[in-house]
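The structure appears below as structure tokens.
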Amino acid sequence: MKKIRTRFAPSPTGYIHIGNIRSAIYPFLIAKQAGGQFILRIEDTDQARFVEGATELILDTLRWLHLEWDEGPIKNGPFAPYTQSARKDIYLKWAKQLIADGRAYADDTTSEQIDVYRKEDEAKKVPYLYRNHRPVNPPEWKEGLPIRFKTIPKEYSWHDEVMGDIHTGPEVCDDIILIKKDGLPTYNFAHIIDDTLMECSHITRGVEYLSSTPNYLALYDALDFPRHLFVSLPHILAPTGNKKLGKRDGAKSVTEYRDDGILPEAILNYLACLGWNDGTEQEIYSLEELIEKFSVDRIQNSGARFDEVKILWMNGQWIRKIATEQGIDELFARTCETTGSEDFSRYDLFQPIDFWPASAKQETIEYKKSVLAIIYDRLKTLSDLRTMTTYFFEDPAIDLSMITSSKFLKKYSEQELVGLLTETIEALNDVDEADWTEDNLQNLLNDLLVKTEKKPAEFFSLIRIAVSFAAFSPALHLTLHVLGKNRTLARLNKVRTALSNN
């Protein structure tokens, strides 16, 4: 059996979007399932669209997603270089060979003359094909002249692993450009040379390239190259389902999702299942499970709607999965992306702590972990920590209206509320620091509930609002335990004073 070798070949033209990454996930899974190689190739021949730093962003994104390549930039391999601009001489060599074989020609036709040809065909109401205007006596090739393929129009049939058997007529074949004026190849030519020389077995790309496949097959024949297995991926559709997903439809770059606290496992899981399933009801897959269960024949041949709500749901599932299976330490590392440096990186998703000096580094770490341990099951994204845990990191502003307008508390006078707070403060004050544990606090709160003869929704709401002034918080005994005795009592006393003076 031929060795399985797949490739991801992005262009460094800016941010990495969702569609780019799905085009990396599937070939990665195909290769890894078969024990083959996954190649990363940078297709940077469109210099007009090249963006400085985009290649580094591609590498960083793939590594963040755990899509490690076997050959490519940095790692190299037997078919280096893996950046197309550095392979310029290779493409020119093959283009010259096609000229020598009578299957390509230098073309000095101006863009103005090409526009004339287009208008002539429009006037005749016939499809514009450059081969119908092919120069009779093309010039000798010299640097600065484009090289065009000399097609032989005919019918083509091929099999696509997703789209099935496809057949086209000779009308789609044309004299496509192989080498541009700047000496760099077009995608149409370069990818065929590279995929063949790099011994790729599968060519995975978007379904939009189907219409160009007959021209690619003509080149395979002219170069005497064997065909690869073609895997065409249907579009990721906008939520409305009526068009291809675009930035205007709310799709963000992978970097934006990362900065918003989406885990790489969730992105991988969601995109792998966006247009594929293994025939079961399973929705949460680890990378290892995807490698084990993925199969090309389960890729659907129609577009799949993008659903950001599903990403958020899946991310919440992964937050809880990591916390329960790998522990809070691992989940905490994800919120900080620590790299061994002494301070937290730019991905630290917690608030700064007002209570402690910056020198209290270890205390800060342990405190953040304790906050994460009681809040993680409420998170949809890790960036929710910025807004959902503020009261753990700074003393909240007192807003008595949250108490007096509460549906559970508005029936009580301010004097009655002060009395309840006083009983609570006195009871908590009697607890030794060493006994300030979750279990002891839960028992104390239950005893106070009996003593005050209040409903849990009433009594617990008062204490919860007084220490957090937040719309919600974790279980009250857990919140008090993390805040600590001194901070809890200080906040309750401040609220009691405010109510007394109101």
Side-chain angles (χ1 to χ4, degrees), residues 259-261 263 315-316 318-398 424-425 428-429 431-445 460 463-495:
D259 291 346
D260 282 347
L263 292 165
N315 196 61
W318 269 103
I319 288 173
R320 289 178 275 287
K321 182 178 175 68
I322 290 171
T324 55
E325 294 181 5
Q326 301 179 47
I328 291 299
D329 285 354
E330 175 60 25
L331 185 60
F332 175 74
R334 304 304 190 88
T335 72
C336 299
E337 296 277 341
T338 50
T339 58
S341 58
E342 291 190 358
D343 57 347
F344 296 120
S345 78
R346 66 188 177 93
Y347 293 112
D348 185 0
L349 298 173
F350 288 96
Q351 296 280 117
I353 302 179
D354 285 353
F355 323 128
W356 295 331
S359 59
K361 188 175 300 295
Q362 191 57 42
E363 292 90 337
T364 297
I365 290 174
E366 294 308 317
Y367 184 69
K368 288 181 175 181
K369 286 181 181 178
S370 67
V371 172
L372 184 60
I374 67 171
I375 199 75
Y376 76 83
D377 61 343
R378 294 174 176 266
L379 302 175
K380 290 183 179 179
T381 75
L382 291 176
S383 62
D384 290 342
L385 288 164
R386 296 190 185 114
T387 54
M388 291 174 62
T389 64
T390 303
Y391 54 91
F392 284 108
F393 297 94
E394 62 183 33
D395 288 327
I398 294 176
T424 304
I425 290 168
L428 291 174
N429 198 47
V431 179
D432 292 336
E433 289 277 5
D435 294 328
W436 194 267
T437 65
E438 294 174 1
D439 288 343
N440 286 342
L441 289 169
Q442 181 66 75
N443 291 333
L444 182 146
L445 290 169
F460 291 164
I463 309 306
R464 182 188 65 76
I465 295 173
V467 297
S468 70
F469 284 96
F472 67 90
S473 66
L476 185 54
H477 68 295
L478 301 178
T479 301
L480 300 185
H481 177 253
V482 170
L483 285 172
K485 179 178 179 179
N486 292 337
R487 195 163 301 113
T488 296
L489 289 172
R491 293 183 182 183
L492 292 176
N493 274 303
K494 284 182 180 179
V495 175

Under the rule for side-chain contact (heavy atoms from CB on, under 4.5 Å), what residues qualify as partners of [X], not counting sequence neighbours?
X	result
Val431	Asp435, Trp436, Leu444
Asn443	none
Ala373	Ile328
Ser370	Tyr367, Val482

Main-chain N/O of Ile425 paired with Asn493 side-chain donor or acceptor, under 3.5 Å: no
From [X] [atom1] over to [Y] [atom2], what is the distance, rounded to the nearest 0.5 angstrom?
X	Y	atom1	atom2	result
Asp260	Asp384	CG	CG	9.5 Å
Leu492	Ile463	CG	CD1	5.5 Å
Leu382	Ile319	CG	CD1	4.5 Å
Asn315	Leu379	CG	CG	9.0 Å
Ile465	Ser473	CD1	OG	9.0 Å

Is there any side chain to side chain donor-acceptor pair (under 3.5 Å) pair reaching into residues 479-490, and which pairs are they, with sequence neighbours excluded? none
List in chain and number order the residues that pass salt bridge (charged side-chain N to carboxylate O under 4.0 Å, His left out) with Glu433, two or more places apart in sequence or in another chain; answer none if no residue qualifies. none
Test salt bridge (charged side-chain N to carboxylate O under 4.0 Å, His left out) applied to Asp377 - qualifying residues, sequence neighbours left out: none
Close side-chain approach of [X] and [Y], heavy atoms under 4.5 Å:
X	Y	answer
Leu441	Leu428	yes
Phe469	Val495	yes
Leu478	Glu438	yes

Where [X] and [Y] come nearest, the two heavy atoms and their spacing:
X	Y	value
Pro396	Ser468	CB-O, 3.5 Å
Leu480	Val467	CD2-CG1, 4.0 Å
Arg378	Arg320	N-NH1, 4.4 Å

With sequence neighbours excluded, tell me which residues meet side chain to side chain donor-acceptor pair (under 3.5 Å) with [X].
X	value
Lys494	none
Gln362	Glu366
Thr437	Asn440
Glu330	Arg334

List the steps and the verdict of side chain to side chain contact (heavy atoms under 4.5 Å, CB included) for Leu372 and Lys368. CA-CA 6 Å; Leu372 184 60; Lys368 288 181 175 181; over 6 Å; no
Trace of the side chain to side chain contact (heavy atoms under 4.5 Å, CB included) decision for Ile322 with Tyr376: CA-CA 10 Å; Ile322 290 171; Tyr376 76 83; over 6 Å; no
Which donor-acceptor pairs under 3.5 Å do the side chains of residues 388-395 make with protein atoms, sequence neighbours left out?
{"from": "Thr389", "atom 1": "OG1", "to": "Leu385", "atom 2": "O", "distance (Å)": "2.5"}
{"from": "Thr390", "atom 1": "OG1", "to": "Arg386", "atom 2": "O", "distance (Å)": "3.2"}
{"from": "Asp395", "atom 1": "OD1", "to": "Arg491", "atom 2": "NE", "distance (Å)": "3.1"}
{"from": "Asp395", "atom 1": "OD1", "to": "Arg491", "atom 2": "NH2", "distance (Å)": "3.1"}

Output, in order, the C-alpha distance, side-chain angles, deciding distance and verdict of side chain to side chain contact (heavy atoms under 4.5 Å, CB included) for Asp329 and Lys369. CA-CA 7 Å; Asp329 285 354; Lys369 286 181 181 178; 3.0 Å; yes
